[in-house]
Every structure is written in structure tokens, then in C-alpha cells.
Amino acid sequence: RRVDFASPRDGFVERVFFKEGDFVKLGTPILLVESPEDEIQLSEATLEVEALGEEILAEEDEAQLLSLELQDAKELLAMGSAKTQTVEEARLKLVSKKKRIQALETRLAQARMHLEGLREKIRQGEIRSPFNGRIISDTGVKEASFVKAGEFLFTLASEDSLVEVLLKEADYARIEAGSKARVKFYA
């Protein structure tokens with residue numbers, strides 16, 4: 001098997017784990033492409049999730065207090081020390097607070113989904129080996145260099161598809177990476 005790999009997206013090469021000629025095992029990271037915009041969005045989304053979580057906790061604390069106020073108002077009404085209007089106002093405040101909490105929980109769920117989507121997008125920038133093989137050609141891409149989505153990066157070939165060739169030292173000067181060769185096999 002032989003697979004050509006291209007950059008999965010526009011971005012900067014964050015890490016090159018192997019070079020031409022290296023053997024890689026199945027699932028091993030080979031190259032990582034990251035986008036500064038993605039990292040900024042990930043940071044912002046993480047902060048939003050944290051802030052919404054804290055806001056929900058604060059609103060829940062207030063809801064507990066409102067629940068206690070409603071309970072006290074009901075007890076005072078039963079003793080004749082409060083009006084029905086006081087109980088109704090306390091009940092409406094609690095209902096309003098619970099609706100606010102539900103709205104925040106919906107926003108939190110959406111923010112978590114957005115955060116997970118960003119994490120997945122970042123994970124897609126990591127190229128892993130789909131099989132055991134050897135990197136047989138690469139563009140020499142360096143860390144911190146910018147690559148475009150679809151730009152060729154390297155070729156990976158399984159060991160069973162490689163041919164080892166012995167050459168005279170004088171022939172090395174005439175051969176370059178990517179040169180075509182005719183190979184004959186004798187039984």
C-alpha cells in the first residue's frame with residue numbers, strides 16, 4: 001500500500017515527528033498542523049463554558065434562597081401574618097429564576113457542543129499513520145512553516161511494497177528523489 005498525505009487544513013506545522021526514510025507504526029502521529037485562529041476560538045469557547053457553569057451555580061444558589069422565601073411566605077400566610085399577594089410574588093420570582101436557569105443550561109449545552117466541535121477540528125490537524133510503513137518521500141516541510149489545505153506533505157508506503165536497490169556509487173549523482181526507474185524481477 002502507498003498513501004500520499006496532504007495537509008488536512010490551512011495552518012502552521014506545529015510538529016513533525018518523522019522524516020523521509022523513517023519507519024512508522026500504525027496510529028503513530030506523523031505531523032501536526034494547527035491554526036492560531038482555532039487555538040484562540042478554543043480558548044474563548046473554554047472560557048464561555050466555564051463562565052456559564054459558574055453563572056448557573058450562582059443562579060441555583062439564588063433559586064434556593066427564593067424557594068426558602070416562598071416557603072416562609074406560605075407559613076406566614078397560614079398563620080395569618082402575610083398576604084396572598086406576598087406568596088404569589090415569591091412564587092413568581094422563583095418561577096422566573098428557574099426559567100433563567102433553564103435558559104442558561106441550554107446555552108451551556110450549546111457552548112459545550114461548540115467546544116467539542118472545535119476540539120475535533122483541532123484533532124483533524126493531526127496526521128496519524130493508517131498502517132505500519134515507511135515514509136518514502138516528503139516535501140521537507142519544517143516546523144512553523146505555513147501549509148495550505150490539500151498541499152502534498154509526504155508519502156507513506158507499507159514495507160511489503162518497497163524495493164531495495166543496490167547502486168554503484170558513481171550512479172548516485174545521476175539519481176534524485178522522485179526519479180523514475182524500471183525494475184525487472186527474475187523468478
Side-chain angles (χ1 to χ4, degrees), residues 3-18 24-132 141-154 156:
V3 177
D4 289 332
F5 286 88
S7 177
R9 60 195 179 122
D10 290 351
F12 291 92
V13 176
E14 180 68 25
R15 186 93 194 267
V16 178
F17 297 96
F18 294 94
V24 294
K25 291 185 177 183
L26 170 71
T28 304
I30 299 173
L31 189 124
L32 178 61
V33 177
E34 290 187 347
S35 166
E37 292 82 21
D38 290 344
E39 294 299 323
I40 291 168
Q41 289 176 356
L42 180 68
S43 178
E44 289 172 350
T46 301
L47 290 173
E48 181 181 11
V49 166
E50 291 171 358
L52 284 168
E54 290 171 7
E55 191 173 352
I56 288 171
L57 289 176
E59 294 289 333
E60 287 173 340
D61 287 345
E62 288 181 30
Q64 282 184 323
L65 292 174
L66 290 172
S67 182
L68 291 173
E69 286 179 19
L70 176 60
Q71 187 178 351
D72 289 347
K74 286 179 179 178
E75 289 174 7
L76 290 172
L77 179 65
M79 295 186 303
S81 301
K83 297 179 182 178
T84 306
Q85 181 181 354
T86 305
V87 173
E88 187 58 22
E89 287 172 358
R91 187 188 70 74
L92 288 174
K93 283 182 184 177
L94 181 58
V95 167
S96 176
K97 186 59 69 178
K98 286 182 178 181
K99 285 182 180 180
R100 169 123 173 90
I101 292 169
Q102 285 178 332
L104 287 170
E105 287 172 342
T106 299
R107 283 181 51 205
L108 178 60
Q110 291 169 340
R112 284 181 174 154
M113 285 176 30
H114 177 66
L115 178 61
E116 190 51 41
L118 288 170
R119 287 181 177 150
E120 181 57 32
K121 185 178 178 185
I122 290 170
R123 277 192 291 274
Q124 289 174 357
E126 182 177 67
I127 298 174
R128 291 181 170 269
S129 178
F131 52 85
N132 292 338
V141 68
K142 305 266 187 272
E143 290 180 5
S145 60
F146 183 79
V147 290
K148 289 216 164 272
E151 182 179 328
F152 172 77
L153 298 172
F154 62 91
L156 179 70

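The closest side-chain heavy-atom distance from E55 to L52 is below 4.5 Å. By the 4.5 Å heavy-atom criterion applied to side chains, V147 and V141 are counted as neighbours. In this structure, the side chains of R119 and R123 come closer than 4.5 Å at one or more pairs of heavy atoms. Considering only heavy atoms from C-beta on, M79 comes within 4.5 Å of L76 through its side chain. Contact of the L153 side chain with the I30 side chain is not registered, since no non-hydrogen atoms from C-beta on lie closer than 4.5 Å. Put simply, the side chain of Q64 reaches to within 4.5 Å of the side chain of D61, judged on heavy atoms. Within the 4.5 Å cutoff, the side chain of E39 has heavy atoms near those of the I122 side chain. Here the side chains of F18 and T28 are in contact, with some heavy-atom distance below 4.5 Å.
Using a 30° and 60° split on the angle between ring planes, F154 and F5 fall in the parallel class, below 30°.
Judged purely by atom type and a 3.5 angstrom limit, T46 uses its side chain to pair as donor or acceptor with the backbone of L42.
Taking both residues in full, the closest heavy atoms of L118 and A45 are given as CD1-CB, 3.7 Å, listed atom of the first, atom of the second, then distance. A63 and L94 get closest at one heavy-atom pair: O-CD1, 3.4 Å. Taking all atoms of both residues into account, the shortest heavy-atom contact from V49 to R112 is CG2-N, 3.9 Å. Residues I127 and A6 share a closest heavy-atom pair of CD1-O, 3.8 Å. Of all the heavy atoms in F12 and A144, the pair that sits closest is CD2-O, 3.5 Å. A pairwise comparison of heavy atoms in V16 and L31 identifies CG2-CD1, 3.9 Å as the closest pair.
For the side chain to side chain donor-acceptor pair (under 3.5 Å) with E59, the qualifying choice from K97, Q102, K98 is K97, the only one to do so.
Atom CD in E151 sits 8.5 Å away from atom CZ in F146 (nearest 0.5 Å). To the nearest 0.5 Å, atom NZ of residue K83 and atom CD of residue E88 are 15.0 Å apart. Interatomic distance, R15 CZ to L32 CG, rounded to the nearest 0.5 Å: 9.0 Å. Note: L65 CG to K93 NZ = 11.5 Å, rounded to the nearest 0.5 Å. A distance of 9.5 Å separates CD1 of I101 from CG of L57, quoted to the nearest 0.5 Å. Rounding to the nearest 0.5 Å places CZ of R91 at 9.0 Å from NZ of K74.
There is a side-chain donor-acceptor pair under 3.5 Å between Q85 and E89.
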